[in-house]
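Below, chain A is the first sequence line, B the second, and so on; all start at residue 1. Since the structure is predicted, the reported quantities are computational estimates derived from the model, not experimental observations.
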Number of protein chains: 2
Amino acid sequence: MKISSRFTVAVHILALLSIENEAHCTSEWIAGSVNTNPVVVRRVIGQLKKAGLVQVRPGTGGAFLTKDIKEITLLDIYHAVDVVEEGELFQMHEHPNPQCPVGANIQAVLEVILRRAQAAMEHVLKEVRLYDVVHILAEKIESSRS
Amino acid sequence: MKISSRFTVAVHILALLSIENEAHCTSEWIAGSVNTNPVVVRRVIGQLKKAGLVQVRPGTGGAFLTKDIKEITLLDIYHAVDVVEEGELFQMHEHPNPQCPVGANIQAVLEVILRRAQAAMEHVLKEVRLYDVVHILAEKIESSRS
DNA sequence: AGTTGTTGTAACTATAATGATTACAACAAA
DNA sequence: TTTGTTGTAATCATTATAGTTACAACAACT
């Protein structure tokens, strides 16, 4: 199974808000860039709002960043959109047989290892800032202007 | 979303085969330890067989390991049961708008970063051998015998 | 040769998550 | 007061998972 595209969509949205910060960024407009439905965008923005990463102008609409892009890591975004529970990237099979020595102990053994694996993955996300994404993106955009 | 319990079930099965290697390990018997349906076990064993990790005695039944447990890593098992595609732990939203500079370039930028994150997670799995799991398990079983 | 027990696989089911979509009340600005 | 946008509920199609029943194929044993 894959980690929901909510995460990559959220990064896309935040990068947009940073790069096109002059524009009036409505959910409809953002949806046009992501190529999805405006409601999908609003839902993600709702989660980013809860995490304190963006705000939305009431009434007139349009979202904007509320933090310096050097202060936002991909891990913050990943947590904001709630794609993977804390320490639960791997699904354990519930209720192995407690009468069986292996069944009684396998979970505890695996949990330590799998948490470590998940942490390693999340550590990489923590080391990348939205700033870095926007920076690389801006370079690519610049160089693709022929 | 979580990575399918097929993976942890597979580790459970292989640990069983190693620890109870004297027993006649039928799918029914294994299912009793995992606490699931025998067919679920047979399906997982089918994948482990394809990967060359186990064999099944024809006719009379019963599975057994075909490799030294020091030669099997958790990554091998993870690949065997096919829970995450190569470089696709994270779902990208398909077809962002190519007319938008951000939409046209975001995927390429994220792909590099997210592959790195996935690789970090898989690297941890690669460093743990079935031998290590069995070893820790055996210790726990020993110490829980009161 | 026939009985027994197991496997491999197909088929079907229930459940859950995802992502898309429609609809609409609430609301600020012009 | 009109306009455009948001937030949220409700619904839907699709997909993956995990469980289950059923059964032909097959080796071992008497």
Requested in this report: Take the protein atom CG of B:Asp82 and the nucleotide atom P of D:dA18, then report the distance between them rounded to whole Å.
Outcome: 13 Å

**Report entry** B:Asp132 (side chain) donor-acceptor with B:Arg129 (main chain) under 3.5 angstrom
**Finding:** yes

Query raised in the report: Of the candidate nucleotides C:dT7, D:dT20, D:dT6, which contains the atom at the shortest distance from the side chain of B:Thr26?
Result: C:dT7

Query raised in the report: When the distance from CD of A:Glu94 to C1' of C:dA16 is rounded to whole Å, what number comes out?
Result: 13 Å

Report task. To the nearest Å, give me how far apart CZ (A:Phe7) and P (C:dG19) are. Result -> 13 Å

Query raised in the report: Going by the angle between their ring planes, with limits at 30° and 60°, are A:Tyr78 and A:Phe7 parallel, tilted or perpendicular?
Result: perpendicular

Report task. In whole angstrom, give the distance that lies between atom CZ of B:Arg42 and atom C1' of C:dT6. Result -> 7 Å

Query raised in the report: Do A:Glu122 and A:Gln118 have side-chain N/O donor and acceptor atoms under 3.5 Å apart?
Result: yes

Report summary line: Taken to the nearest whole Å, CD1/B:Ile45 to C1'/C:dT6 is 11 Å

**Report entry** Audit row: B:Ile3, A:Gln91, side-chain contact (heavy atoms from CB on, under 4.5 Å) steps and yes/no
**Finding:** CA-CA 6 Å; B:Ile3 292 173; A:Gln91 175 78 53; over 6 Å; no

Query raised in the report: Using a cut-off of less than 4.0 Å, is there contact between a side-chain N or O of A:Ser5 and OP1 or OP2 of C:dG19?
Result: yes

Query raised in the report: For the side chain of B:Val40, counting heavy atoms from C-beta on, which of D:dG19, C:dA20, C:dT7 is nearest?
Result: D:dG19

Report summary line: B:Pro58 has its side chain closest, among D:dA27, D:dG19, C:dA20, to D:dA27

Query raised in the report: Can you check whether A:Ser4 has a side-chain N or O nearer than 4.0 Å to OP1 or OP2 of C:dG19?
Result: yes

Requested in this report: Can you tell me the distance, in whole Å, between the CG atom of B:Asn37 and the P atom of C:dT9?
Outcome: 16 Å

Query - Check: A:Ser33 and A:His12 side chains under 4.5 Å, non-hydrogen atoms - result: yes

Report summary line: B:Gln55 atom CD is separated from D:dA27 atom C1', nearest whole Å, by 15 Å

Report summary line: Atom CE of A:Met92 and atom C1' of D:dT17 are separated, to the nearest Å, by 18 Å

Query raised in the report: Is A:Arg43 side chain donor-acceptor paired with the C:dA20 base, going by distance under 3.5 Å alone?
Result: yes

**Report entry** From C:dA20, C:dA10, D:dG19, nucleotide with atom closest to B:Val39 side chain
**Finding:** C:dA10

Requested in this report: Kindly say if A:Thr60 contacts the phosphate of D:dG4, meaning a side-chain N or O under 4.0 Å from OP1 or OP2.
Outcome: no

Requested in this report: Specify the residues of residues 95-110 of chain B, ordered by number, for which at least one heavy atom lies under 4.0 angstrom from an atom of DNA chain D.
Outcome: none

Query raised in the report: In terms of side-chain heavy atoms of A:Met1, which of D:dT6, D:dA16, C:dA10 is nearest?
Result: D:dA16

Query - Nearest-nucleotide comparison on DNA chain C, the residue closer to the 5′ end among A:Gly59 and A:Arg6 - result: A:Arg6

Query - Stepwise side-chain contact (heavy atoms from CB on, under 4.5 Å) test for B:Thr73 and B:Ile77 - result: CA-CA 7 Å; B:Thr73 71; B:Ile77 304 171; over 6 Å; no

Query raised in the report: When you match B:His24 and B:Gln91 each to their closest nucleotide on DNA chain C, which lands nearer the 5' end?
Result: B:His24

Query raised in the report: With a 4.5 Å limit on heavy-atom distance, are the side chains of A:Val109 and B:Lys140 in contact?
Result: yes

**Report entry** Minimum heavy-atom distance B:Pro101-A:Glu20, with the two atoms named
**Finding:** CG-OE2, 4.2 Å

